[in-house]
Amino acid sequence: PWAASIAGLLFSVLFTGALVLVRSQVEQGTAAGQNTAMVIGGLYLAPFAGIMFLWFVAVIRDQIGEREDRFFATVFFGSGLLFVGLLFTTAAVVSTPTTLVQFLGAEPLSAESMSLLRGLGYTLLFALATRAAAVFMLATATIGIKSGVFPRWFALLGALLGLVLLVAVSFYDWLILVLPGWVALVSLFILRRERARR
């Protein structure tokens, strides 16, 4: 339980930091305009955030144990892996212009190429990864209700937030921060429950 809590809280911090750095670079117009330190920072934070997220998923599955519903467990695990894969891909796409110029000695990309990469990075993160995150939250809430791991009100809150993320992120992309907020909330809930048990 404490491992899930620590992994969840670390994911929340690292993912939020990576998101801020990566998104700031998506908004830059040219490779020369990109801040190398920020790009590298985002490129390093994103994988560690993904690793912490996978650790969180593994410990949650271990907590549920034999009460796990195979159908929802597959959706839970699959959407978690898909989210991490899209997060890694986004970090790679967004850092490509700076990597080419700063580390491979290539010429800066044209404005058209930069626009294409920016659009691809934005689509991967805010159109696709957020949907995988929303499905993950819905599956987590469902498993929590069916297994009795979470109180009903807590699981329903997760389902509601998952639905909001699934639909509303198209109108306001910063809603992706609902995911690290939810993971942090689950982590704190598990930590508090275990302390009460002890």
Side-chain angles (χ1 to χ4, degrees), residues 1-23 26 42-96 120-147 149-150 155 158-170 173-187 189-190:
W2 66 267
S5 301
I6 292 173
L9 292 172
L10 283 174
F11 161 75
S12 300
V13 172
L14 293 172
F15 176 76
T16 303
L19 179 67
V20 170
L21 293 177
V22 167
R23 192 178 191 283
V26 169
L43 192 60
Y44 274 93
L45 286 180
F48 282 108
I51 291 166
M52 289 299 104
F53 187 76
L54 290 176
W55 188 269
F56 173 79
V57 169
V59 179
I60 290 293
R61 290 191 70 196
D62 183 62
Q63 285 274 297
I64 296 168
E66 295 180 357
R67 295 171 292 177
E68 186 176 69
D69 181 290
R70 289 185 180 180
F71 177 80
F72 287 106
T74 302
V75 176
F76 170 78
F77 187 63
S79 59
L81 288 179
L82 184 59
F83 170 75
V84 171
L86 288 168
L87 176 63
F88 283 19
T89 306
T90 300
V93 167
V94 171
S95 64
T96 295
L120 179 59
Y122 190 91
T123 302
L124 284 169
L125 185 61
F126 294 104
L128 301 178
T130 51
R131 269 49 183 210
V135 171
F136 174 82
M137 291 176 65
L138 290 168
T140 306
T142 305
I143 289 172
I145 290 176
K146 292 176 73 68
S147 65
V149 172
F150 301 143
L160 177 63
L161 291 174
L163 287 172
V164 168
L165 186 59
L166 188 64
V167 176
V169 76
S170 299
D173 51 21
W174 282 105
L175 278 174
I176 195 173
L177 292 177
V178 166
L179 175 67
W182 165 247
V183 171
L185 197 61
V186 170
S187 301
F189 173 81
I190 292 172

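Just so you know, residue 1 is the first one in the sequence shown, and it goes up from there.
Leu160 meets the side-chain contact (heavy atoms from CB on, under 4.5 Å) test with no other residue; sequence neighbours excluded. Remark: Phe83 engages Phe15, Phe53 in a ring pair (Phe, Tyr, Trp, His ring centres under 6.0 Å) (not counting sequence neighbours). Considering only residues two or more places apart in sequence or on other chains, Leu9 meets the side-chain contact (heavy atoms from CB on, under 4.5 Å) condition with Ala184, Ser187, Leu188. The side-chain contact (heavy atoms from CB on, under 4.5 Å) test applied to Ala73 returns Glu68, not counting sequence neighbours. Ala168 pairs by the side-chain contact (heavy atoms from CB on, under 4.5 Å) definition with Val164, Leu175, not counting sequence neighbours. Residues meeting the ring pair (Phe, Tyr, Trp, His ring centres under 6.0 Å) test with Phe72, sequence neighbours left out: none. Under the ring pair (Phe, Tyr, Trp, His ring centres under 6.0 Å) criterion, Trp182 pairs with Phe154, sequence neighbours left out.
For the atom pair Leu14 CG and Leu19 CG, the distance stands at 12.5 Å (nearest 0.5 Å). We find the CG-OG1 distance between Leu166 and Thr130 to be 8.0 Å, quoted to the nearest 0.5 Å. For the atom pair OG of Ser79 and CG of Leu86, the computed distance is 11.0 Å after rounding to the nearest 0.5 Å. Interatomic distance, CG of Leu124 versus CZ of Phe88, reported as 14.0 Å (0.5 Å rounding). To the nearest 0.5 angstrom, Leu87 atom CG is 8.0 Å from Ile176 atom CD1.
Within the 4.5 Å cutoff, the side chain of Leu125 has no heavy atoms near those of the Val94 side chain. At a threshold of 4.5 Å between non-hydrogen side-chain atoms, the residues Leu179 and Leu161 do not count as touching.
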Using a 3.5 Å cut-off and no angle test, enumerate the donor-acceptor pairs between side-chain atoms of residues 132-143 and protein atoms at least two apart in sequence or in another chain.
| unit_1 | atom_1 | unit_2 | atom_2 | d |
| --- | --- | --- | --- | --- |
| Thr140 | OG1 | Phe136 | O | 2.7 |
| Thr142 | OG1 | Leu138 | O | 2.8 |

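Among residues at least two apart or in separate chains, there is no side-chain hydrogen bond (donor to acceptor under 3.5 Å, both in side chains) pair with a member in residues 42-60.
Between Phe76 and Arg61, the shortest heavy-atom contact is CE2-CG, 3.5 Å. What you find for Ala155 and Ile145 is that their closest heavy atoms are CB-CG1, 3.0 Å.
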Side chain to side chain contact (heavy atoms under 4.5 Å, CB included) between Ile190 and Ile60, worked out: CA-CA 10 Å; Ile190 292 172; Ile60 290 293; 3.4 Å; yes
